[in-house]
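Counting starts at 1 for both ligands and their atoms, following the listed order. Fair warning: this is a prediction, and the values are worked out from it, not measured in the lab. For the single chain, residues carry numbers from 1 onward in sequence order.
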Amino acid sequence: MAHGPAVTGMRFFLTCDPGNVRHIFSSNYTNYPKGTVFAEIFDVLAGSFFTIDGEPIRRMRAKIHGILSNPRLLATMASCCLHKLRQGLLPFLIRMATTGAPFDLQDVITRFVFDITSMPLFSVDPGFLSPDDMPAMHVVDAMDTVMEVALFRHTVLASCWKAMRWLKVGSERKLAAEQAVLYGFIAEMMEARKATRNSGDAGEQKDQVAPDILSFYVDDPDYNEHLLRSTIVNYLVAGRDTIDSTLPWFFYNVAMNPHVVSGIREELAPIVASGKASPTNGDDTTVIFHAEDTKPLVYLQAALFESLRLYPPGPIERKTVVSDDVMPSGDEVRAGDIVLISLYAMGRMEGVWGKDCREYRPERWLSDDGRKLCYVPSHKFLAFNSGSRMCLGKDIAIMQMKTFAASVVWNFDVEVLEGQTVEPKLSCILQMKNGLMVKVKKR
Ligand code: HEM
């Protein structure tokens, strides 16, 4: 238990004990909502799913679950991913391999992920990753600022950051400017969406056009203009911030562990041999893997999970205590206490993961014969959250990450340049502070 500044009476309970996590997220979850302070910190998401609790989130989750399991939307997501690989990522990497020039892989991943998150949301490709143009990504900078300022807000009294917001100074001044950029981007995309969806074949019936995520919201009377906008921001955060911060750590980990690269390629080889991996345009030695072929790959999934264990995109969860309670660890918490769960620490604890907890070892996720993924409860592996607030996009995220990782690992050797400092940045999202400079070679 830690205490906030003397006069405030604030009390923090910090835990990384899986028993406590199960209690907080499942057995007694109604006693541990996110709370109003959390909602205020993320005011850019006001009223949307990350910030609400109780009955409203149950209803909202049911709607999102329906959307994210719609077969036509899922097919659109898979094809957006393939399109971006074929038209954007792979041509870019082939060019980099030809010139041998170093580049920031985190930046390229951000471009890719932002595009594939926006396309099924708005039916519009923002075009951040295209073979011949790498436009500035002001909206991405804006979203990064939201997460950096949110971390600052977590660490000071609400009255302090609210005063800064009122005075329009410091990080709050910057946040206001970046929020305007973010809202401007959304307005632009909504306009472009109208044009795209109206320009369909004249004879095409409305219900024949594949749905995008927004088509489930625009006519819903429960969503006024503000809630619709914060819901859009929330989808961008859910899809983009998470995958975008996972993949650079994945490539960093595998580059440091060449035997994992071999393991992934060994698993991919039969797909290539069967002719199922399709060639990219104009270069028949570079291939793309399809979601249905990468779905059964357990070693690749273990390699991704192992990276998420060590580098969870959301390194800390915050909850509020409603009524006095005793944790399974025997610790007492009081109504109003703040509970902080460190996923980052939990992923590195010997008591949870064994003596080799600091090693990057995908094998720990596999059965002895290496053919199956072992069951690991979500209160131990919390990267996708647990219990009633479990991530609703987990399968989509795994599909997108596998498609990306397979196509890069199979076609290229990725060398992480020496002499750079690879470290996390101070933010609510575990991105790399200085990017990840690499060189690639075509295999
Ligand atoms: C590596 C990828 C991902 C990770 C690690 C991840 C992790 C998480 C976590 C930790 C939460 C809980 C957040 C909280 O309540 O504090 C969450 C919630 C959620 N995620 Fe994901 N996520 C990923 C990708 C995605 C994708 C691609 C989508 C959408 C297509 C998505 C949709 C959602 C939704 C809708 C929720 C809200 C659940 C709720 O508030 O009850 N996620 N995710």
Side-chain angles (χ1 to χ4, degrees), residues 21 24-25 29 32-35 38-39 41-42 45 47-70 73-74 76-78 80-81 109 112-114 116-121 147 150 154 212-213 216-217 230-250 301 303-320 339-344 346-347 378-379 381-405 428-431:
V21 170
I24 296 163
F25 287 81
Y29 74 91
Y32 297 95
K34 296 186 175 190
F38 180 91
I41 287 175
F42 287 100
L45 303 173
S48 74
F49 47 92
F50 274 175
T51 55
I52 57 172
D53 294 298
E55 186 49 33
I57 187 61
R58 262 193 295 280
R59 266 186 280 123
M60 218 176 255
R61 277 181 68 90
K63 179 172 173 99
I64 299 170
H65 178 70
I67 297 171
L68 296 183
S69 45
N70 179 294
L73 181 67
L74 292 177
T76 303
M77 286 178 163
C80 288
C81 196
I109 288 171
F112 178 88
V113 178
F114 203 93
I116 63 158
T117 304
S118 302
M119 287 152 79
L121 180 57
M147 288 300 162
H154 272 297
D212 58 11
I213 291 177
F216 295 90
Y217 287 95
S230 47
T231 302
I232 294 173
V233 178
N234 213 152
Y235 272 105
L236 287 173
V237 169
R240 175 262 159 175
D241 282 4
T242 49
I243 298 184
D244 176 53
S245 63
T246 304
L247 285 174
W249 292 113
F250 166 80
Q301 189 152 327
L304 286 162
F305 280 7
E306 182 67 343
S307 204
L308 280 162
R309 172 180 76 85
L310 291 165
Y311 299 98
I316 291 197
E317 276 283 328
R318 174 184 175 136
K319 301 280 185 187
T320 307
V339 177
L340 297 173
I341 303 104
S342 172
L343 282 71
Y344 187 86
M346 221 170 121
S378 57
H379 58 265
F381 174 54
L382 198 56
F384 291 101
N385 220 293
S386 187
S388 62
R389 302 302 293 266
M390 188 81 188
C391 173
L392 289 166
K394 182 179 175 188
D395 293 342
I396 294 170
I398 293 172
M399 175 276 284
Q400 292 174 330
M401 294 192 296
K402 277 179 150 178
T403 312
F404 184 102
C428 287
I429 300 288
L430 198 72
Q431 289 164 321

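Using a 4.0 Å cut-off to heavy atoms of K34, the atoms of ligand 1 that qualify are 14 (C), 15 (O), 16 (O). Atom numbering of ligand 1 starts at 1 in the shown order; those under 4.0 Å from a heavy atom of A397 are 2 (C), 24 (C), 27 (C). With ligand atoms numbered from 1 in the order given, ligand 1 contributes 26 (C), 27 (C) to contacts under 4.0 Å with heavy atoms of G239. Within ligand 1, the atoms closer than 4.0 Å to a non-hydrogen atom of M401 are 1 (C), numbered from 1 in the order shown. In summary, the atoms of ligand 1 found under 4.0 Å from a heavy atom of R61, numbered by their order in the structure, are 38 (C), 39 (C), 41 (O). Residue E317 approaches ligand 1 through these ligand atoms, each under 4.0 Å from one of its heavy atoms: 13 (C), 14 (C), 16 (O). Ligand 1 places these atoms under 4.0 Å from at least one heavy atom of I64: 35 (C).
Although no hydrogens or angles enter the test, the distance criterion places no donor-acceptor pair under 3.5 Å between the side chain of N385 and the main chain of C391. Here the side chain of R61 pairs a donor or acceptor atom with the backbone of S388 at under 3.5 angstrom. Judged by distance alone, with hydrogens and angles left aside, the side-chain atoms of K63 form a donor-acceptor pair with the main-chain N or O of F216 at under 3.5 Å. A distance-only check finds a donor-acceptor pair linking the side chain of T246 to the backbone of T242 [under 3.5 Å]. In terms of modelled atom types and a separation under 3.5 Å, the side chain of N234 and the main chain of F50 share a donor-acceptor contact. For the pair T51 (side chain) and S48 (backbone), a donor-acceptor distance under 3.5 Å is present. Listed for the R240 side chain is no donor-acceptor partner under 3.5 Å among the backbone atoms of F114.
At least one test fails for K319 against the ring of Y32: distance under 6.0 Å to the centre or angle within 45° of the axis.
When each of I243, L308, I109, L304 is paired with F250, the side-chain contact (heavy atoms from CB on, under 4.5 Å) condition holds for L304 and for no other.
Among A383, A238, S386, the residue whose heavy atom lies closest to atom 10 (C) of ligand 1 is A383. Among L392, I396, I67, the residue whose heavy atom lies closest to atom 33 (C) of ligand 1 is L392. With P120, G393, C391 as candidates, the residue nearest to atom 21 (Fe) of ligand 1 on a non-hydrogen basis is C391. Residue nearest to atom 34 (C) of ligand 1, selected from F49, Y311, F25: F49 (by heavy-atom distance).
For ligand 1, the polar-atom distance check against S388 finds no nitrogen or oxygen pair separated by under 3.5 Å. Taking only nitrogen or oxygen atoms, main chain and side chain alike, Q400 does not reach within less than 3.5 Å of ligand 1. Considering backbone and side-chain atoms alike, T246 places every N or O at 3.5 Å or more from each N or O of ligand 1.
Within the 4.0 Å heavy-atom criterion, both parts of N385, backbone and side chain, lie near ligand 1.
F38 and F42 have tilted rings, their planes meeting at an angle from 30° to 60° on a 0 to 90° scale.
Contact between P313 and ligand 1 is present, with at least one heavy atom of the residue lying under 4.0 Å from the ligand. Ligand 1 lies nowhere less than 4.0 angstrom from a heavy atom belonging to R318. Ligand 1 has no atom lying under 4.0 Å from any heavy atom of K394.
Considering only non-hydrogen protein atoms, atom 24 (C) of ligand 1 sits nearest to T242 OG1, 3.3 Å. For atom 36 (C) of ligand 1, the nearest protein heavy atom (residue, atom name, distance) is F50 CE2, 3.7 Å. The closest protein non-hydrogen atom to atom 40 (O) of ligand 1 is R389 NH2, 3.0 Å.
Ring centroid separation for the pair F49 and Y235 comes in under the 6.0 Å cut-off.
Between atom CG of residue L73 and atom CD1 of residue I67 there is a gap of 8.0 Å, rounded to the nearest 0.5 Å.
Within the 4.5 Å cutoff, no side-chain heavy atoms of M60 are placed close to those of T231.
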